[in-house]
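Below: one structure, written as structure tokens.
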Amino acid sequence: MFDIIKEGLLQIQPGLMIWTLVTFGLLVFVLWRYVWGVILNALDARSAKISEDLEHARQEKEVADGLLEQRKKMLLSAKEESLTIVSRTKASTVEIKNNILTEAKKEAEKLLQKAQKDIEQLRHKAIEEFKADLVDITFNMTNKFLNKQIDPKEGERLMDEYLEEYVKHAK
Amino acid sequence: MDWEETMTHPSDNIFELLTHHLSDNVLVKINIFGLDMSITKYVVFMWIISGGIFLSLYILARKYRGRGISAPDRTMTLIETFVGFVRDDIVSPFIGHERERAYLHFFCTQFLFILACNLVGLIPKSVTVTSNLAVTMGLALVTFFFTQVYGMVSRGPISYWKHLVPDGVPVLLAPIIALNEFISLFSKPFALMIRLFANMLAGHIVIFVILYLVIMFRNLFLGVFTVPIAVAVSLLEIFICVLQAYIFTFLSAIFVGMAGEAH
């Protein structure tokens, strides 16, 4: 049994060993000459491209971050500005409203005063006219009484007549 | 081996069958200066494997030329993963990042060749060339020569051979240390040779013996158990094929890297 193993399995054939050296050496050479160079160059090129793209992406990201920061600041500034404008507008609106109200009140007061004054004037004028009319009536009545002998009934009738005439005249 | 004879004396003939199964056959007899350089079954298989590796990688290289650096397809991804693995996990840690490119192709070829030789052996009717001691010796010798050349190129020939006796060693101890270091130069490739040979041989013997149990006990029913076990061992063998290729390349890179470094 051991002879079989010794002669078969553990026997080293120098020829086969040399063929192994030759075959493997040749394989190393042809793969080095025609294959690995191309593959490794392609890998290096892709690796360089990826690194370049990553660097480019990093730079782009930096720019984008800068822009984002800038936009954020602008947004914040615009927000603050808008808040200021809103508050200022609110204050201005209130002021305008108050002014309008004050003006309106003043105008209304003026109109009221003018109306009161006109009424007063008209009343005064009416009183004056009434007084004048009353004087005229009294004067006419007195004149008629003095010029005519009038009995009481006639006097009363005349009084009524003049009063009616006065009322008509007044209307 | 006669089948009838095997069936008559199964237990006596298992070693003969095994030897017959694993032994080499001369196909073309060649003799150069008294050295037997016959082309055998193992040599032919090595050529077929080498040719297959070259052809498939050459087609892939042409594809690389055509596609440039655009996105890789499946085969390109596979080879890139492989190259990346060999570079980052085997070559770079021991040879160094600066010099990895110059030596990467050697280790990639070594890994692929051993892996292909191991895996082809799992195909029925084929042979496992790495289960032959002469083949593993040849591969170990390549590592041995590569280690010496790399050491002498990296550190200079004088400095490299001077490292057999490290600085600071007492004079009396120097011969022993030198002898020890000198032996270790050969023991490393010897370990590579034996490890690959033994692992690939053992897997085949185990599968062979398990299947032979049916013949040995002359019971076909035994096949219900032995065949699934043989399948399981074959699956394990696939893993061992990859592992041994990795270990051989990994240890080669370590030895080469060690030769280039001062103590």
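Order of the sequence lines fixes the chain letters, A, B, ..., with proteins taken first and strands second; residue numbering starts at 1 for each chain.
- In this structure, the portions of B/Val135 lying under 4.5 Å from any heavy atom of chain A include both its backbone and its side chain.
- Using a 4.5 Å cut-off between heavy atoms, B/Ser38 touches chain A through its backbone atoms (N, CA, C, O) alone.
- Here the CG-CG distance, from B/Asn132 to A/Leu16, works out to 5.0 Å after rounding to the nearest 0.5 Å.
- B/Arg74 CZ: 12 or fewer foreign heavy atoms inside a 6.0 Å radius.
- Going from atom CG of B/Leu141 over to atom CZ of A/Phe24 covers 12.0 Å, rounded to the nearest 0.5 Å.
- A distance-only check finds no donor-acceptor pair linking the side chain of A/Trp19 to the backbone of B/Ile39 [under 3.5 Å].
- Rounded to the nearest 0.5 angstrom, B/Met193 CE and A/Met17 CE are separated by 10.0 Å.
- Aromatic ring orientation, B/Tyr58 versus A/Tyr34: perpendicular (interplanar angle above 60°, classes split at 30° and 60°).
- Put simply, CE on B/Met37 and CD on A/Gln13 are 11.5 Å apart, with the number rounded to the nearest 0.5 Å.
- Heavy atoms from other residues, nucleotides or ligands lying under 6.0 Å from CZ of B/Phe190 number 12 at most.
- For the side chain to side chain contact (heavy atoms under 4.5 Å, CB included) criterion with B/Leu60, the lone passing option out of A/Ile39, A/Val38, A/Val35 is A/Ile39.
- Side-chain contact between B/Leu139 and A/Thr20: present, with at least one pair of heavy atoms (C-beta onward) separated by less than 4.5 Å.
- Donor-acceptor pairing under 3.5 Å is recorded for the side chains of B/Thr109 and A/Trp36.
- When all heavy atoms are compared, the tightest approach of A/Thr23 to B/Met46 is CG2-O, 4.0 Å.
- Smallest separation of non-hydrogen atoms from A/Leu21 and B/Gly138: CD2-O, 3.3 Å.
- Around atom CH2 of A/Trp32, no more than 12 heavy atoms belonging to other residues, nucleotides or ligands sit under 6.0 Å away.
- Closest non-hydrogen pair, A/Leu27 versus B/Ser50, comes out as CD1-O, 3.5 Å.
- In this structure, A/Asn41 CG and B/Tyr64 OH are separated by 11.5 Å, a value rounded to the nearest 0.5 Å.
- Applying a 4.5 Å heavy-atom cutoff, none of the residues of residues 88-100 of chain B approach chain A.
- For B/Phe145, no part lies near chain A; criterion is any non-hydrogen pair under 4.5 Å.
- For B/Leu201, the part lying near chain A is the side chain, with the backbone staying farther off; criterion is any non-hydrogen pair under 4.5 Å.
- Listed here is the closest heavy atom pair of A/Pro14 and B/Leu35: CB-CD1, 4.0 Å.
- Heavy-atom pairs under 4.5 Å with chain B were tallied for A/Val22, A/Ile50, A/Ile18, A/Leu26; the largest tally goes to A/Ile18.
- Looking at A/Leu43, the atoms closer than 4.5 Å to chain B (heavy atoms on both sides) all sit in the side chain, from C-beta outward.
- Residue B/Ile32 does not touch chain A at all, counting heavy-atom pairs closer than 4.5 Å.
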